[in-house]
Protein chains: 2
Amino acid sequence: MSHYDDPFRGNFDSLEEFADHISELLQCPITIEDANHRLIAYSAHDDYTDPARTATIISRRVPEKVINSLWKQGAIPALLRSREPVRVAAISEVGLGSRVAVSIWKNDEVIGFIWALETDRTLSKEDMELLKKAAKAAKNKVLQLYMRKNKKEERVQELFWKLLTGHMTTEEEIKESFATMQIPAAPLFSVIVFRFATEITREIEKQISYLLQTTQQIQLLLYTTDRNDVILLAAPKSMNQPLKELHMFIESFALKMKERFHINSVQSGFGSIYETYTSIEKSYQEALTVLKMKEKFPEQICSIYGYQQLGIYQFFDLLLKKKRQGEFINPSLTKLQAYDQKHHSDLVKTFEVFFDHDSNVNETAKALNIHPNTLSYRLKRIAEIAEMDLHDMNQKVKLYIDIKLAKYEALH
Amino acid sequence: MSHYDDPFRGNFDSLEEFADHISELLQCPITIEDANHRLIAYSAHDDYTDPARTATIISRRVPEKVINSLWKQGAIPALLRSREPVRVAAISEVGLGSRVAVSIWKNDEVIGFIWALETDRTLSKEDMELLKKAAKAAKNKVLQLYMRKNKKEERVQELFWKLLTGHMTTEEEIKESFATMQIPAAPLFSVIVFRFATEITREIEKQISYLLQTTQQIQLLLYTTDRNDVILLAAPKSMNQPLKELHMFIESFALKMKERFHINSVQSGFGSIYETYTSIEKSYQEALTVLKMKEKFPEQICSIYGYQQLGIYQFFDLLLKKKRQGEFINPSLTKLQAYDQKHHSDLVKTFEVFFDHDSNVNETAKALNIHPNTLSYRLKRIAEIAEMDLHDMNQKVKLYIDIKLAKYEALH
DNA sequence: ATTAACTTTGTGGAAATCCACAAAAGGATG
DNA sequence: CATCCTTTTGTGGATTTCCACAAAGTTAAT
């Protein structure tokens, strides 16, 4: 192994050439990634690479399950902390062989990683030093890439805001813009909004961006921030159960924000899934509506993210307006409330919970901490007092809506 | 018994005096009623009267069950057909002893009845002739009563229309008017509208009026007609289950219109039950809304009469407006419809009926003429295709409303 | 014609619901 | 504080629902 002062003094046309050079020096496969684990360059002519590396090269990004493992196992946190090379033991579950990695730094920020796969040989202390120097040498090359990307990024941001605010009206125009900016086309998509407790700082944004760029649960088409909100244009991967995918993505995003960055209390919402780009504005508005309703009904709809799943809450604003005009007075509800007041009972709540639990006696009883027979007694009472037939769905739905609406109104 | 040419030639100050006179001639208790079986006059000094007569005198009207019996038994139809006296056999179930009756005519119209109770003696042929003459002699006296009543009636009509159109705004003012017109006060009331298939002729109105005046299921405060509609201000008799009372009254009214006058297809609706007179206009509008919705959803809500029972249909106009603006597109419904179209299935209908039957598998299966397992299979399918959780009431309600709303929209 | 995918109907047993009745507890009223 | 009314909880058994599996029938496409 050569021990010049700086083996990377020369000029390299491309990062590929650079990777090959390190590979030759260390006699092992080399991979260079950006801060978001996207593949930037990799050495060729390698006899053996492990499945993780193969997958990375083919999809041009590190598979998400590999990233997750590296987080759990501590390698990535270590690389983000220190400029020293780190040895990573093999993780056979995700097809990852033993390797050494070093982070590439610009000032106080990690802008990439170099990975050296220990296939035939284990790297010595000197080799590790060499890798560290390689990381320093790679800095400028990687930066250049970033610069180019950032300029493009700005144009893309502008486009996204135009779409969100409905300033592009024809499908054709939008499609063209997508093509020129090399944003992939998707048959279905939705706008997702993550709302944080505080305004999004540059620091947090980096972490969010990292999570978004590395996720492979959904396809991220566009992404921007706005005060406390992170706004994404996301495409589900399958046509069958797009809602489920978005749901799972959001839950795992929240979980990772919590686990990795200790950021709790992220509220999330997404609009309907559309096929036409001109509906992006609508999807965005719907996502905002979801967040608004979640604020009003924190417990009721805490596990709802999609506008579709909002169900009846979709038209609560509309109903509230009418209610304020004196419409929709529900004498059944009034009677129940009066009864509750007088007898310190809980009939309204009982009905609400019962309905929320799909008229399931056992579940409702558990939720209310009462005996199932008590519940059935109360229901009989409700039918009498409210003068309603508890098998008539129409009436039940109306009462349910009126109860929720009353709550909504109370919250202003 | 005297056989002058006309034993009623003399002048009688009042109908009471007249009744006493007949009573003396025939040696039996006499009751005079108007066409609606309200008591006009009765003879005093009678040793024995049957329970039916006692009740009639005390409540100043013939009890409804007695009227019903007389209809069924054929006495009233006979009296309305012919000017001859009719003998009515005792009907012990309603406490009615044997009696003879004759109708009082003005031109081609019956304006009242005279009843002679056969307590001690059975009336002879001659007695019957006498009774017929008495009926002729009573005509003018009864007519005078009508005239006076009609003038009052006109002022009352005017008041009612003012109330229905919201032209009296203070509770005080209305209460005063009620008092001066001797309309009884009621703690609760609602506006009922009966809508007939054709415009209401004088003939039909008489029959309707007859039914309304003779009912004792509810208290009739005011009453008028408007093209095809009969409009009532009605007060339920009990505070406990006013809705039920109104419901039963409407059903029995429709039944009687059918049985007695062969008028089918009466649509009925009533507004919410209010306590303040200023809400009469609202109750009227609500009753009209019920009729409007019944027109759109004939099968769904054929057994609904009350605005309260309208349930979710109360705000369909509002939702439709928004829907027309492109809001509330329900992708779940869209998918189900697409599937139905493609596979000639019936998922939307299945869900609708299932929901309408309070999620009862057996009932729904019967209603759809399918095996219960088929239903449960379809439901599983619906959950998959629509990407929804069939235990989530919120989503179910939304889908249900959207299905009904789509139907409503289709009907313009 | 032959798949393959989807739909309907049947069967049986575990689980749950429903209902009537009864006992006990709690609260308001005089 | 005795009493009445309402509410809660318990018990047991008839009925219904739920679910998994199997078989047979339908439909659309190769």
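A note on names: the letters A, B, ... follow the listed sequences, proteins ahead of strands, and every chain is numbered from 1.
Straight-line distance from the NZ atom of B:Lys342 to the C1' atom of D:dA29: 12 Å, rounded to whole Å. One interatomic measurement links the two molecules: CD1 of A:Ile370 to P of D:dT9, which rounds to 7 Å at whole-angstrom precision. Taking atom CG of A:Leu368 as the reference point, atom C1' of D:dT7 lies 15 Å away to the nearest angstrom. To the nearest angstrom, P of D:dA28 lies 9 Å from NE2 of B:His343. Taking atom CG of B:Leu375 as the reference point, atom P of D:dT16 lies 17 Å away to the nearest angstrom. Taking atom CD on A:Glu363 and atom P on D:dT17, their separation rounds to 17 Å, with Å as the unit.
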Practice item. Kindly indicate, with the supporting measurements, whether the criterion salt bridge (Lys or Arg N to Asp or Glu O under 4.0 Å) is fulfilled by A:Lys323 and A:Asp402. Key: CA-CA 9 Å; A:Lys323 186 171 155 64; A:Asp402 284 325; over 6 Å; no
Practice item. Check the pair A:Glu409, A:Lys404 against salt bridge (Lys or Arg N to Asp or Glu O under 4.0 Å), reporting the backbone distance first and the verdict last. Key: CA-CA 9 Å; A:Glu409 189 180 25; A:Lys404 298 288 190 192; over 6 Å; no
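Side-chain nitrogen and oxygen atoms of A:Arg381 include none within less than 4.0 Å of the OP1 or OP2 phosphate oxygen of D:dT6. OP1 or OP2 of D:dT9 has at least one side-chain nitrogen or oxygen of A:Thr374 nearer than 4.0 Å. Residue A:Tyr377 has a polar side-chain atom (N or O) positioned under 4.0 Å from OP1 or OP2 of D:dT7.
Residues B:Tyr313 and B:Tyr408 place their aromatic rings such that the two centres sit no closer than 6.0 Å. Remark: aromatic rings of B:Phe270 and B:Tyr307 are distant, center separation not under 6.0 Å. Checked against the 6.0 Å centroid criterion, the rings of B:Phe189 and B:Tyr277 qualify as a close aromatic pair.
If you find the closest nucleotide of DNA chain D to B:His344 and to B:Ser359, the one lying nearer the 5' end belongs to B:Ser359. Positionally, the nearest nucleotide of DNA chain D for A:Ser345 lies more toward the 5' end than for the other of B:Asn360 and A:Ser345. Taking for each of A:Asn362 and B:Leu347 the nucleotide of DNA chain C with the nearest heavy atom, the 5'-most of the two is the partner of B:Leu347.
The pair A:Asp358-B:Lys396 meets the salt-bridge criterion, with a side-chain N (NZ, NE, NH1 or NH2) lying under 4.0 Å from an Asp/Glu carboxylate O. Remark: B:Lys335 engages B:Glu387 in a salt bridge, criterion side-chain N to carboxylate O under 4.0 Å.
Between chain A and DNA chain C, the heavy-atom contact criterion of under 4.0 Å yields a 5' to 3' nucleotide range of C:dA16 to C:dA28.
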